[in-house]
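Notes follow once the structure below has been shown.
Note on naming: letters A, B, ... go to the chains in the order of the sequence lines (proteins, then strands), and numbering restarts at 1 for each one.
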Protein chains: 2
Amino acid sequence: MITIKDMAEMLELSTTTVSNVIHGKTKEVSGATVAKVQKLIDEYNYVPNINARNLAVNSSKIIGMAIKGSEEKYVNLIADPFYGELIGTVEHELRKAGFFMMLYISGSIEEIIRYTSTWNADGLILVGMSQDDYVKVRQRYKKPTVIIDSYISEEIARHLNVGLEDEEGAYQMTEYLIKYGHRKIGFVTDNMEGIDYYRYLGHKRAMKEYMVPAEEDQLISILPGHLEKEDTLAELMQKAKEVTAFMFCSDYYAATVINYFQDQGLKVPGDISITGFDGNRYGKMVRPVLTTVCQDVTEKGRAAVKQLVKMIENQKQEYGNIRLPVELFIGDSVKKVKDPAAS
Amino acid sequence: MITIKDMAEMLELSTTTVSNVIHGKTKEVSGATVAKVQKLIDEYNYVPNINARNLAVNSSKIIGMAIKGSEEKYVNLIADPFYGELIGTVEHELRKAGFFMMLYISGSIEEIIRYTSTWNADGLILVGMSQDDYVKVRQRYKKPTVIIDSYISEEIARHLNVGLEDEEGAYQMTEYLIKYGHRKIGFVTDNMEGIDYYRYLGHKRAMKEYMVPAEEDQLISILPGHLEKEDTLAELMQKAKEVTAFMFCSDYYAATVINYFQDQGLKVPGDISITGFDGNRYGKMVRPVLTTVCQDVTEKGRAAVKQLVKMIENQKQEYGNIRLPVELFIGDSVKKVKDPAAS
DNA sequence: TTGTATGCGTTATCAC
DNA sequence: GTGATAACGCATACAA
């Protein structure tokens, strides 16, 4: 690893001059010198030591991308194509903008805070954070931060969030189901915070607007991570008798259940209709093809990076909510049913 | 951000003493001083500046994880659960060992080299590298490096690779097909280098051992990334008439083709049997459940990190090949056929 | 038990 | 045009 100092000595120049050439401040340097230095740089493959540079300018070009998930959910989390795609685009966009990505996947918010401050990250992208988590991070980390897919109340914490039209997406899906004659709809989720909660609100709004009596509405709660377990699936089979459709908050869950039901001899959508949320490969891979609410994950990552870079350049935190649009994708997992009440 | 110097001044101590406390060298410091310093550390949430530390000790705790993929394949690459799971476990294991992961996904090997050297990474994990790529990296980067899933000839480049029993896996799968009466088997791949090539070799070995005439053996080449395109799939439909089974080198491709075939009215495994390679969620999600060769991605990442850490501690590059075992998973995508020659 | 001095590689401020 | 020199925060060899 050749350094500026080494090169300066070899050419009998000062480090300042060499540094100037490296930074293209060539108007203050003679052409001959520039050439000499440039030659050496190429010859020895000079590459700056970022640690030294960061120390000198008190910045890193590091953006921390912190994904919070409980320890038990760990493996599930990262195998989900949503995260793969998100991480991929964020890394890509970040580098295009001249930054580097440091990835933290951890169940401990304390750990995340510690790491980001040691590395003196120029900015943060937070995924999967609750309001509490966000507040804790903000207490200790003051530089630009953007959150992805969180719902945080405006009063408590000013923040910039990049998310989805979750409420609207669920509303549209419910509306679609109702128009297809469904009234007894089971809304399945493993938590009631953040995005799932807002999707539930959208679902409720549609149910109300179309005047479906509240007692026909079923909220089905699943223990987090248990949707892959046999007994939970069996339980869902039971519930399937009481409703004509299930709405899931992720394609992965929806697809898993479709397969389970069919393996058990239940017809989808013949006996029960099923919908998802995400629009990823799992929904395309399962048969019947999943009717779902599509989001553009790439766009999500891109928007987050764009906002973050803007903040870093302006040296200040911005506030607001960016809600990316969603779109219904009609597959084959929903059947038209006769509404008994209508006839 | 409070620094060691700040704390030393506040307590009227030297930076050395403070530094010693931080590093737990308390036997050389009086109990009272330790307490004082510790109190301040907690109070101000002192956290070391890693840039400064790295500069001082000439090391970073950074491991570069470089994934090479052509620009066009970019999105495909990272949405594959294989990469998601691999990145996840590597990050996890790395942190457990006290390192940080810097992720580089790039089609340019030059770029990868430049980034890893600016950051002065302590070690490298390389994924998706050809022999040429590896040699180029090694010319410029001398610190510990481990490769995942590459095939590099021993003579040209000494290296440590963590891979799979690719040849054996394909052998077993072919053997299984043959025992189920298949003789006309189409081996489908979009490249003939690295892992796919060795899988092909295993396939050939089985065909030879079971004395299937060479003319019954079909190597079907697909343009890279084209297996999702309509015309390539249609072409494959044509080929399906000439064979009784297709072997694919990935579950994702196999599942995609199963769906396409069935959507077109071709029965799987009724009209044609299909096998995959990987053992991931796609294979479990498609119906019929895919018969495939399973690998343990988590174990792969774990092994890579373990080896790398060992090298970093011993300060030297090691050589060798670690081939993780594979296992046949029998799904429902292969049918027993009557071997016409046997009757 | 504690302190002093120096170096890590880079950038930036001034002076020549 | 070019060059000293200090500063960034930390670790460490060596003194005291």
Salt-bridge criterion met for D296(A) and R302(A) (N-O under 4.0 Å): no
Within less than 4.0 Å of OP1 or OP2 of dG3(C), is there a side-chain N or O belonging to S14(B)? yes
Can we say K310(B) and E313(B) salt-bridge, meaning some charged N sits less than 4.0 Å from an Asp/Glu carboxylate O? no
Rounded distance in Å - CG (L13(B)) to P (dA16(D)): 20 Å
Shorter than 3.5 Å, N or O on both sides, protein versus nucleotides 9-12 of chain D: list them out with atom names.
| from | atom 1 | to | atom 2 | distance (Å) |
| --- | --- | --- | --- | --- |
| dG9(D) | N2 | A52(B) | O | 3.1 |
| dC10(D) | OP1 | Y46(B) | OH | 2.7 |
| dC10(D) | OP1 | N49(B) | N | 3.3 |
| dC10(D) | OP2 | I4(B) | N | 2.8 |
| dA11(D) | OP1 | H23(B) | NE2 | 2.9 |
| dA11(D) | OP1 | R53(B) | NE | 2.7 |
| dA11(D) | OP1 | R53(B) | NH2 | 2.9 |
| dT12(D) | O4 | T16(B) | OG1 | 3.3 |

Is it the case that the side chain of D133(A) and the backbone of S130(A) share a donor-acceptor pair, with hydrogens and angles ignored and the cut-off at 3.5 Å? yes
Here the distance between atom P of dG3(D) and atom CE of M7(A), to the nearest Å, is 14 Å
E154(B): side chain to side chain contact (heavy atoms under 4.5 Å, CB included) partners, not counting sequence neighbours: H159(B), N321(B)
Lys/Arg cation over aromatic F100(B): K61(B), 6.0 Å, 45° cone: no
